Visitor: 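Can you keep this structure in mind? I'll have questions shortly.
For clarity, every value in this text was computed on a predicted model and none was experimentally measured. Lettering of chains follows the sequences in order, A, B, ..., and the numbering in each one begins at 1. As a basis for the values below, the full set of heavy atoms in this structure was taken, side chains included, without hydrogen atoms, waters or symmetry mates.
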Amino acid sequence: MIVRIMGEGQVEIAPDDIDVLNALDSELEAAIDSGDEAVFRAKLHALLDKVRHVGKALPADSLEPSELILPPADASMDEVRDMLGDSGLIPG
Amino acid sequence: MSVMKRLSMIFKSKANKALDRMEDPRETLDYSYQRQLELLQKVRRGVADVATSRKRVELQINGLKQKADKLEEQGRKALGVGREDLAREALTRRSAIQSQMAELQVQHDNLQAEEEKLTLASQRLQAKVDSFRTKKETIKATYTAAEAQTRINEAFSGISEEMGDVGLAIQRAEDKTAQMQARAGAIDELLASGALDDFSGSRGDDIQAELDRLGGGRDVELELERMKAELGQGPARREAIEAGQPGQTGQPSQAAQTGQAPPPQAPPTQQYRQPGEGL
């Protein structure tokens, strides 16, 4: 499965590693719902670190779309909310 | 729904909307390629802009460092002539400048990180644009409009995702640099207007003026004493003059204690920190 970390690029994730990413993703979502920036930051970084750790970088010239996309590491909680709200934050 | 999945769907829906706008899918290829080239230009300009901001902050840090060094030197000289009050003032001002330098250093590091990120983003985008161009030519040469559709969708959604990502990265970098430039502009104005000099020496460069006055005063006094001795107006004075010559060991603590003692008793060579002066 191809995963993109925004601002960093795409990686390939083995099927066995998807479950743990989904668990971290749920924690991230809960953090956004709770509105705690510090928890959000910790969960976002935990998820990103895991993706970086288990992922294998795709070649730069690959044109594959990603199945999962993650916000950039320095994104604030509000920025991520805006991205998810499809309020036109993502250009294109 | 999952954050990762939702974001991915948002990107995909943007790509699909763009595809739907085109009558002939092959038109999409050329149109998209033009936009990719524009974005490449934009991201390169972004890298250059961030680099300019970074260099500006570097210059400011250097400017502040010179002021801090000057104040340290003044503090040392002030101590040398026994003016602990002046030395303390100089070091207080230096410390204020140093905390400003520390803030600028953080900004500098942020800009440098941003610059590296954008540089990498532009390299990735370049590789994908090259790859897209090849694919586009193959598709146009080989397939009819109907057949081409699926392949175009594949190539397009991949590059569209990259473009959305890079586009957002540029926006964020621009926002960050705009904030920093506003701050940097304020500091440039301060440096140019001499207001920082005032801050680093409020009442003009009064520390230097005081030191000059003290130093000059001593020279005058010494010269006077020397002249008097030559004219034989008091041989007893000669010892005092010699005690004040450079290279002689005086009694350093005496100068500090007596403050504005008569110049011949404060040896000019004594200029470094004294024990117990709290520095």
Side-chain angles (χ1 to χ4, degrees), chain A residues 1-11 13 18-19 21-33 40 43-44 47-48 50-51 55 57-77 79-92, chain B residues 1-18 32 35 39 42 110 113-114 116-118 120-136 151-173 175-176:
Chain A
M1 183 183 272
I2 294 169
V3 177
R4 170 182 296 268
I5 297 178
M6 292 178 71
E8 290 182 32
Q10 293 169 292
V11 293
I13 304 274
I18 300 293
D19 283 349
L21 293 188
N22 278 331
L24 289 168
D25 188 25
S26 302
E27 290 176 27
L28 176 64
E29 199 184 5
I32 294 176
D33 290 342
F40 160 79
K43 298 298 178 190
L44 176 61
L47 178 52
L48 293 178
K50 191 72 194 171
V51 171
L58 248 61
D61 63 355
S62 148
L63 288 175
E64 304 275 344
S66 312
E67 274 182 69
L68 302 174
I69 297 182
L70 279 165
D74 60 346
S76 71
M77 189 165 60
E79 272 181 297
V80 173
R81 278 210 185 102
D82 286 349
M83 285 178 199
L84 294 174
D86 194 18
S87 59
L89 189 70
I90 293 157
Chain B
M1 194 202 293
S2 131
V3 175
M4 305 191 286
K5 197 77 205 159
R6 257 197 290 178
L7 260 184
S8 159
M9 283 176 63
I10 289 164
F11 273 88
K12 281 200 177 82
S13 91
K14 286 193 185 270
N16 287 336
K17 274 183 206 152
S32 174
R35 289 201 47 218
L39 186 61
K42 203 174 166 189
N110 284 340
E114 207 61 44
E116 281 161 19
K117 264 196 279 181
L118 278 188
L120 288 174
S122 111
Q123 286 164 1
R124 278 196 304 269
L125 183 61
Q126 176 73 65
K128 284 181 165 47
V129 169
D130 289 346
S131 162
F132 184 89
R133 191 190 56 227
T134 311
K135 210 160 223 169
K136 164 174 94 81
R151 284 157 206 284
I152 290 170
N153 285 3
E154 284 165 10
F156 185 79
S157 52
I159 194 95
S160 156
E161 183 185 307
E162 186 71 28
M163 289 169 75
D165 187 355
V166 171
L168 187 64
I170 297 172
Q171 274 179 23
R172 300 177 87 236
D175 289 350
K176 280 186 200 169

Visitor: Can you tell me how far the CD atom of A:E79 sits from the CG atom of B:D175, to the nearest 0.5 Å?
Guide: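 Reported value, rounded in 0.5 Å steps: 8.0 Å.
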Visitor: When rounded to the nearest 0.5 angstrom, what is the spacing between NZ in B:K128 and CD in A:Q10?
Guide: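 If I round to the nearest 0.5 Å, the distance is 5.0 Å.
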Visitor: I'd like to check B:M4 versus A:N22 (side-chain heavy atoms, cut-off strictly below 4.5 Å). Are they in contact?
Guide: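 Touching, per the 4.5 Å side-chain cut-off.
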Visitor: Pick from B:R172, B:E154, B:Q123: which one has the most heavy-atom pairs with chain A under 4.5 Å?
Guide: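 With the most close heavy-atom pairs to chain A, the winner is B:R172.
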Visitor: Report yes or no: does B:K5 contribute a side-chain atom to a donor-acceptor pair with the main-chain N or O of A:L68 at less than 3.5 Å?
Guide: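 No, the answer is negative, given that no donor and acceptor are paired below the 3.5 Å cut-off.
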Visitor: Measure distances from A:P71 to the heavy atoms of chain B and classify the residue's part below 4.5 Å as side chain, backbone, both or neither.
Guide: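 A:P71 touches chain B through backbone and side-chain heavy atoms alike.
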Visitor: Just by modelled atom types, is the A:G7 backbone N or O under 3.5 Å from a matching donor or acceptor in the B:R124 side chain?
Guide: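 Such a contact is found between B:R124 side chain and A:G7 backbone.
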Visitor: Side chain, backbone, both or neither: which part of A:E8 has a heavy atom under 4.5 Å from chain B?
Guide: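 It is the backbone, since no side chain atom gets that close.
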Visitor: Are A:E64 and B:E161 packed together at the side-chain level, in the sense that at least one heavy-atom pair is separated by less than 4.5 angstrom?
Guide: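 SC-SC contact between A:E64 and B:E161 ruled out.
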Visitor: Say you draw a straight line from NZ of B:K135 to CG of A:D61; how long is it, rounded to the nearest 0.5 Å?
Guide: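 Going from NZ on B:K135 over to CG on A:D61, the span is 9.0 Å.
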Visitor: Quick check: closest heavy atoms across A:I69 and B:F11, and the distance to 0.1 Å?
Guide: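 Closest heavy-atom pair between A:I69 and B:F11: CD1-CD1, 3.4 Å.
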Visitor: Using heavy-atom distances under 4.5 Å, tell me whether A:L44 contacts chain B through its side chain, its backbone, both, or neither.
Guide: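 For A:L44, no heavy atom lies under 4.5 Å from chain B.
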Visitor: Can you list the residues that meet the salt bridge (Lys or Arg N to Asp or Glu O under 4.0 Å) rule with B:K117, with sequence neighbours excluded?
Guide: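 Result, salt bridge (Lys or Arg N to Asp or Glu O under 4.0 Å) vs B:K117: A:D74, B:E114.
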Visitor: Who pairs with B:N153 by side-chain hydrogen bond (donor to acceptor under 3.5 Å, both in side chains), at least two apart in sequence or on another chain?
Guide: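 Once residues adjacent in sequence are excluded, the partners of B:N153 under the side-chain hydrogen bond (donor to acceptor under 3.5 Å, both in side chains) criterion are B:Q149.
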Visitor: If you look at every heavy atom in A:I5 and B:D165, which pair is closest and at what distance?
Guide: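 A:I5 and B:D165 have their closest heavy atoms at O-OD2, 4.1 Å.
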Visitor: Chain B heavy atoms under 4.5 Å from A:I32: which part of the residue, side chain, backbone, both or neither?
Guide: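 Answer is side chain: those atoms of A:I32 sit under 4.5 Å from chain B.
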Visitor: Measure distances from B:E162 to the heavy atoms of chain A and classify the residue's part below 4.5 Å as side chain, backbone, both or neither.
Guide: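 When you check distances to chain A, atoms from both the backbone and side chain of B:E162 fall under 4.5 Å.
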Visitor: Starting at CG of A:L24, measure out to OG of B:S2 and round the result to the nearest 0.5 Å.
Guide: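 These two atoms lie 11.5 Å from each other.
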Visitor: B:L7 versus A:L70: any side-chain heavy-atom pair under 4.5 Å?
Guide: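 Heavy-atom side-chain distance check fails, nothing below 4.5 Å.
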Visitor: Please classify the contact of A:S66 with chain B as side chain, backbone, both or neither, using a heavy-atom distance under 4.5 Å.
Guide: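 For A:S66, backbone and side chain are both near chain B.
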